[in-house]
Amino acid sequence: SASLRYVIIGCQGMPLASLTWYISVLNFVALICFMVFLMFFRFWDIPAIKAKDASVQITARDFAVEIDHLPTTIDDHHQYEQRLAAFIDQRLREVAKAKKRVSFQSRVVPSQADDEDLASHVREVVLVRDYGGRLHDIKQRGTLMQERRVAEYIKDEKTIEKLDKKIEKVTDKLAQVLAPEQDLPVVRAFVVLDTQLDVANLHHDYRFAKSRLFRCCMPQEKRFEDQVFRVRRPPEPTNIIWENQDVPKCKRKARKAVVFLLFLIIIVLSLGLIYAANTAAKNQGTTSLNYLGQPACDPVTASSGDADSKPKYKCLVWNATTWSTEYVKRQGGDVMSCWCSMHGYTTALQNSTIRSVCEPWLITNAQSAAIIGCSSLIVIIVNVVVKAVLVAMAHFEKPLSLSGLNSSMMVKVFLAQTLNTGFVVTLVNYYAPKAIRVLSTPLPFGQLIFRGDYDDFVRSWYSVVGAALLVNLCINSFTPAFTNLASMAYQSLKRRFKKTKKKHQAQLLELYTNAHFDISARYAQLLTTVYCTMIYSPGLPLLNLFAALYCGIMYWSDKLVLLRGSHRPPAYDAQMPLQASASMLYSIVLHCIFALGMYGQSCTFPSKAVGGHLADMSAQVQTAGYQEVDEDPDKHGLFEKIYLWISGRIFLEATWMFAVMLIIFACMYVMWTILWLVGNSVGELFVP
């Protein structure tokens with residue numbers, strides 16, 4: 001019983017159920033602090049910084065708009081720029097007249113002079129035409145020509161020959177028949193206006209055009225050549241990827257679809273490789289499973305690898321306490337492993353008698369720990385390779401801005417690294433309900449996953465899965481910073497030893513130009529650390545320390561790399577921090593779910609019921625969910641098992657607050673979605 005179990009510290013004892021309550025309360029308080037900070041940062045701090053930067057820094061972006069969903073061709077196509085400029089002028093005049101009619105009490109009378117001033121408020125219209133992807137080829141050809149001139153200067157014949165072939169290939173591609181520039185279809189336009197008020201008026205006039213549904217309902221006077229365009233704020237000029245501007249939206253969507261399919265394939269392959277490494281590490285350990293004889297404390301009775309097989313040996317700890325050293329020496333094998341694991345590593349190392357008996361067991365488990373460490377290194381190597389592939393795939397999508405490119409890379413790398421770092425080791429050891437095992441069989445590696453030894457967070461789960469997660473996150477705390485500093489040191493040594501070998505100014509400029517500061521990788525690694533920590537920290541609080549170490553080490557290393565080893569980054573917008581902080585909010589949901597699972601486990605974290613009828617319901621459900629050691633783990637169906645899991649864990653003193661937090665967060669998410677929809681549609685009616 002939970003009430004009879006005590007934790008002894010010195011001469012003092014405390015019921016384990018009371019300790020569980022204190023741990024859960026501290027965890028919940030920390031969760032509240034994290035959520036408050038995150039919401040402050042997402043909904044207050046970032047918008048305030050954006051507003052401050054906008055008020056202090058005046059750039060070309062403040063006087064320009066980006067217009068898309070334009071008609072690709074019009075009747076008088078050669079006069080496209082002039083007709084678009086005249087149409088925007090007309091819309092600005094109509095908006096100004098409407099505002100003056102509303103504010104008639106100010107006694108400002110419209111005059112002909114006002115109309116003439118408004119007619120000149122469109123300063124420039126730049127059309128982005130469809131060159132069929134040739135802008136990228138033109139830039140590539142210019143780069144190759146520059147490299148060839150350098151090779152000619154240093155008289156490198158082999159390099160000249162290779163570059164000539166590349167230049168010829170690109171030139172042949174550019175030599176394809178292309179219509180005159182004025183006859184090419186229009187993709188989008190950048191319009192520079194006279195004042196910031198004109199920009200605000202045009203955004204307000206086309207506020208409903210942000211939605212595809214509302215664009216269909218726009219009046220005729222707001223349609224350019226019978227088509228409604230969309231007005232958006234453009235990126236900063238340094239943030240625009242100019243060579244991708246001529247790629248039509250349909251082609252970019254097709255590229256994104258291809259990248260998504262390749263992303264799924266890469267994720268499956270990386271998961272399979274890491275799965276094999278973790279399985280090999282697992283198989284090197286002891287083959288027996290330790291049982292206390294209590295249903296809530298023991299692993300499932302089916303072994304991994306085959307859902308219908310039995311484990312080779314079942315170690316009953318209470319039985320092992322009666323064995324003598326002579327009996328253990330004589331039996332050896334699984335009996336020795338069971339007896340030694342019952343005593344534990346500390347006792348086996350400190351007691352010479354037990355150490356002499358358990359020496360083979362200690363060696364086997366040391367080898368297993370080494371393989372687990374190697375599997376963690378394999379995780380890091382796979383993450384590096386997957387990151388390089390995903391970065392190339394993000395470039396293939398042809399995003400329009402550097403912020404869009406980095407956001408795409410951030411999401412892909414974050415998902416891949418989080419799955420590889422935090423979920424593969426869990427899947428290796430998870431024994432899923434029979435319905436899930438049947439559904440996963442046709443999938444790649446489907447006959448291997450969901451057939452582990454643990455269907456709950458029992459005590460031995462922490463020594464196997466928890467230990468592997470701690471190793472992964474511990475290595476993750478130091479590896480990114482070490483890699484960045486090592487790259488910076490390599491660049492410094494490269495300049496020191498190669499500067500005398502460079503014979504052209506362009507080579508020296510390339511050598512002494514600092515590397516790009518990969519901000520997308522930083523965001524992805526931060527999200528991976530946050531998610532892995534938030535998911536497993538209820539039962540593994542040491543992960544919080546590793547996360548703090550990661551943040552501290554990365555702060556100082558990134559500060560050094562950014563200021564001393566990177567060239568000046570472009571003027572990014574707030575897209576990445578907004579997206580990253582919004583993504584972190586969902587880690588709170590996962591934290592609450594795993595807290596329910598860990599703190600509701602009656603053996604590892606025993607807890608009292610909240611009282612009243614809820615206490616009776618919780619006790620009945622927990623009793624119904626128990627199984628004997630030799631009973632089939634598939635006794636309950638999938639939905640019945642989910643019901644028993646939820647009902648038996650949300651009415652405990654240590655878990656009810658996390659259940660309430662889930663409900664509150666669900667309501668907040670619904671409200672957030674409603675406010676977003678209203679703010680982008682009907683809410684614009686109330687904007688002056």
Criterion side chain to side chain contact (heavy atoms under 4.5 Å, CB included) on Val192 and Val65, from CA distance to verdict: CA-CA 7 Å; Val192 180; Val65 294; over 6 Å; no
Stepwise side-chain hydrogen bond (donor to acceptor under 3.5 Å, both in side chains) check, Asp518 with Ser520: CA-CA 6 Å; Asp518 192 355; Ser520 63; 2.8 Å; yes
Worked verdict on Val186 versus Thr72 for side chain to side chain contact (heavy atoms under 4.5 Å, CB included): CA-CA 5 Å; Val186 174; Thr72 56; 5.7 Å; no
Test side chain to side chain contact (heavy atoms under 4.5 Å, CB included) applied to Arg230 and Phe208, step by step: CA-CA 9 Å; Arg230 181 175 60 178; Phe208 293 111; over 6 Å; no
Criterion salt bridge (charged side-chain N to carboxylate O under 4.0 Å, His left out) on Arg233 and Asp62, from CA distance to verdict: CA-CA 8 Å; Arg233 193 180 184 193; Asp62 299 321; 3.1 Å; yes
Leu545/Leu543 under side chain to side chain contact (heavy atoms under 4.5 Å, CB included): CA gap, chis, key distance, verdict: CA-CA 5 Å; Leu545 175 61; Leu543 292 177; over 6 Å; no
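Heavy-atom minimum distance, Arg129 versus Gln182: NH1-O, 3.4 Å. Between Leu470 and Phe546, the shortest heavy-atom distance links the atoms O-CE1, 3.6 Å. Of all the heavy atoms in Ala416 and Val386, the pair that sits closest is CB-CG1, 3.7 Å.
Not one N or O on the side chain of Tyr131 forms a donor-acceptor pair closer than 3.5 Å with the backbone of Gln245. Here the side chain of Ser477 pairs no donor or acceptor atom with the backbone of Leu549 at under 3.5 angstrom. In this structure, the side chain of Thr143 engages the main chain of Lys139 through a donor-acceptor pair within 3.5 Å. At least one donor-acceptor pair under 3.5 Å links the side chain of Ser557 to the backbone N or O of Met554. Using modelled atom types, no side-chain atom of Arg42 and backbone atom of Ser581 make a donor-acceptor pair closer than 3.5 Å. Under the 3.5 Å distance criterion, the side-chain polar atoms of Gln417 are left unmatched by any main-chain donor or acceptor of Leu527. Side-chain atoms of His395 never come within 3.5 Å of backbone atoms of Leu405 as a donor-acceptor pair (strictly under, hydrogens ignored). No donor-acceptor distance shorter than 3.5 angstrom exists from the side chain of Arg207 to the backbone of His203, with no hydrogens or angles considered. Arg564 places no side-chain N or O within donor-acceptor distance of the main-chain N or O of Val561, the cut-off being under 3.5 Å. Side chain of Ser487 to main chain of Asn484: no donor-acceptor pair is present (N/O by atom type, distance under 3.5 Å, no hydrogens or angles).
One distance of note links CZ of Phe665 with OH of Tyr669; it measures 9.0 Å at 0.5 Å rounding. Atom CD of Gln146 sits about 11.5 Å away from atom CG of Leu163, to the nearest 0.5 Å. Note that the CG atom of Leu509 and the CD atom of Gln507 stand 10.0 Å from one another [nearest 0.5 Å]. A distance of 8.5 Å separates CE in Met668 from CE in Met661, rounded to the nearest 0.5 Å. To the nearest 0.5 Å, atom CG of residue Leu473 and atom OG1 of residue Thr528 are 9.5 Å apart. One distance of note links CG of Leu135 with CD1 of Ile241; it measures 13.0 Å at 0.5 Å rounding.
Contact check for Val170 versus His136: no side-chain heavy atoms found under the 4.5 Å cut-off. Contact of the Pro570 side chain with the Tyr572 side chain is registered, since non-hydrogen atoms from C-beta on lie closer than 4.5 Å. Contact annotation: the side chain of Met409 never approaches that of Leu390 to less than 4.5 Å [non-hydrogen atoms, C-beta and beyond]. Using a 4.5 Å cut-off on side-chain heavy atoms (C-beta onward), Val389 and Met393 make contact. For the pair Ser583 and Val530, the minimum side-chain heavy-atom distance is 4.5 Å or more. Annotation: side chain of Arg123 is not in contact with side chain of Leu193 (no heavy-atom distance under 4.5 Å). Using a 4.5 Å heavy-atom threshold, the side chains of Asp130 and Val247 count as separate. Between Lys398 and Glu243, the closest side-chain pair of non-hydrogen atoms is not below 4.5 Å.
Ring geometry for Phe594 against Tyr536 counts as perpendicular: the plane angle is over 60°, on a 0 to 90° scale with 30° as the lower cut. Ring geometry for Tyr80 against His77 counts as perpendicular: the plane angle is over 60°, on a 0 to 90° scale with 30° as the lower cut.
Within 6.0 Å of atom OH in Tyr512, more than 12 heavy atoms from other residues, nucleotides or ligands are found, so the atom counts as buried in its surroundings. Atom CD of Glu510 sits in a sparse spot, with 12 or fewer heavy atoms from other residues, nucleotides or ligands closer than 6.0 Å. Applying the 6.0 Å contact sphere to CZ of Phe482 captures no more than 12 heavy atoms from other residues, nucleotides or ligands. Environment of NZ in Lys166: sparse, with no more than 12 heavy atoms of neighbouring residues, nucleotides or ligands closer than 6.0 Å.
Ring pair Tyr531/Phe414: centre-to-centre distance below 6.0 Å.
In summary, the side chains of Lys412 and Ser408 do present a donor paired with an acceptor at a separation below 3.5 Å, with no hydrogens or angles considered. Looking at Thr421 and Asn472, their side chains never bring a donor and an acceptor atom within 3.5 Å of each other. Using modelled atom types and a 3.5 Å distance limit, the side chains of Asn239 and Ser401 yield no donor-acceptor pair. Side-chain contact check for Asn544 and Thr533: no donor-acceptor pair (N or O, by modelled atom type) lies under 3.5 Å.
The residues Lys256 and Glu397 are annotated as not salt-bridged, no charged nitrogen and carboxylate oxygen being separated by less than 4.0 angstrom. The pair Glu66-Arg61 does not meet the salt-bridge criterion, since no charged nitrogen lies less than 4.0 angstrom from a carboxylate oxygen. Salt-bridge check for Asp246 with Lys251: failed, with every basic side-chain N at 4.0 Å or more from each acidic carboxylate O.
For the salt bridge (Lys or Arg N to Asp or Glu O under 4.0 Å) with Asp68, the lone residue among Arg188, Lys210, Arg232 that qualifies is Arg232.
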